[in-house]
Asks: 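Attaching a single structure in structure tokens format; questions to follow.
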Amino acid sequence: MLRVGMLTSGGDCQALNATMRGVAKGLYELFDEVEIYGFLEGYKGLMRNNYIKMKPSDFSGIITKGGTILGSSRQPFKLMNEPTEDGLDKVKSMKETYKKLKLDCLCVLGGNGSQKTANLLSEEGLNVIGLPKTIDNDLWGTDMTFGFQSAVDIATNTIDCIHTTAASHNRIFIVEIMGHKVGWITLHAGIAGGADVILIPEIPYDIKKVYEAIDKRTESKKGFTILAVAEGAISKEVAELPKKKRKEILENNPYPSVAYEMADKLKAYTNQDIRIAIPGHTQRGGSPCPYDRVLSSRFGAKAAELIKKKDFGKLVVYLNNQVTAIPLSETAGKLKYVNPDDDIIKEAKTLGISFGD
Ligand code: F6P
């Protein structure tokens, strides 16, 4: 009898259920007898021995279902060695649950922080397989995470909808897109939606260049401008400050979010009407797009194969058009940023898109 634990950790995304389904279907095919234990609310469930014993039918009909049937929570890696509010040793309690249920393996569906904890548990002797989740696509070691393409679809749809109203009223629109540290969704949705300006954390902007981009639109008789701005977009002046000072400024920022700050900066320059659109958590909601359903199914199959081979301590990844796996220790603690020198940025600039640099 094979006994596998499964949990979904961190911010949710559209293809978590599709991925769990992929793993389960793979396991039911590859093993004669399988028991799957689903821990509720991510690592919290593993710590608190809070789980459901899952049936094959639990995995039916969920490829289209967003969110996670197990629930999720954020359990920051940096606090893993601190006890819970009621004094529970987090790592010790997770190991105890794993041993108590006599698990052969634990599958962790999570992003950067969750995979760091997965690596920690692997180093502590548990058999762990990671599956790369996040709408942000910032997990180091994989070209693609599940959830990303679905989020890009939604963010693109927002820009598409804004286009017609922006054009009707000759307005400047700022569309704020998720991504505090990285700009993958903004970059892809910005290009797909035909944004005129794309601002991402990896390319700090010079506000004068943004003004220039708006002027260029006006001069070419385009009455409206659309800016796709990542949550973490940052000005050159702030980016160049020493780390401590920068942190202080960001923490004391009086604006509700970057879109409002940008609107204020633009107001000081132009008389044109400015409006803001923020799709927010809709970017994590709804049904996974077909691309993600395929990716998740392939990731799930690979995880089942790794379990069959007892090849643990691995993160399933998509690299150079192949589903493969890398050691969890390789990815732990690293983020995958947009490289400002990448071809995609050069190509976008060739199309006339401004990055404010
Ligand atoms: O990491 C996914 C993500 O959606 C980010 O893009 C976003 O900045 C953040 O989570 C929002 O977090 P929360 O759901 O905790 O508000």
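Whatever order the structure lists ligands and atoms in, that order sets their numbers, starting from 1. Sequential numbering from 1 along the given sequence is applied to the chain's residues.
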Asks: Rounded to the nearest 0.5 Å, how far apart are CD1 of Ile200 and CD1 of Ile177?
Replies: 11.0 Å
Asks: What protein heavy atom is closest to atom 3 (C) of ligand 1, reported as residue, atom name and distance in Å?
Replies: Arg284 NH1, 3.4 Å
Asks: Can you report which non-hydrogen protein atom sits closest to atom 2 (C) of ligand 1, along with the distance?
Replies: Asp136 OD2, 3.2 Å
Asks: To which of Gln283, Lys181, Glu231, Arg74 does the heavy atom nearest atom 10 (O) of ligand 1 belong?
Replies: Arg74
Asks: Please could you name the atoms of ligand 1 that His180 approaches to less than 4.0 Å, counting only its heavy atoms?
Replies: 8 (O)
Asks: Give me the one residue out of Leu306, Val128, Leu328 that meets side-chain contact (heavy atoms from CB on, under 4.5 Å) with Leu315.
Replies: Leu328
Asks: Going by the side-chain contact (heavy atoms from CB on, under 4.5 Å) test, name the single residue among Val152, Ile344, Ile159 that passes it with Ile191.
Replies: Ile344
Asks: I'd like to know if Glu248 and Lys245 make a salt bridge, using a cut-off of under 4.0 Å between side-chain N and carboxylate O.
Replies: yes
Asks: His281 to ligand 1: N or O pair under 3.5 Å?
Replies: yes
Asks: Does ligand 1 have a heavy atom under 4.0 Å from the side chain of Ile185, from its backbone, from both, or from neither?
Replies: neither
Asks: Within the distance-only criterion (no hydrogens, no angle test), does the side chain of Glu176 pair as donor or acceptor with the backbone N or O of Ile278 below 3.5 angstrom?
Replies: no
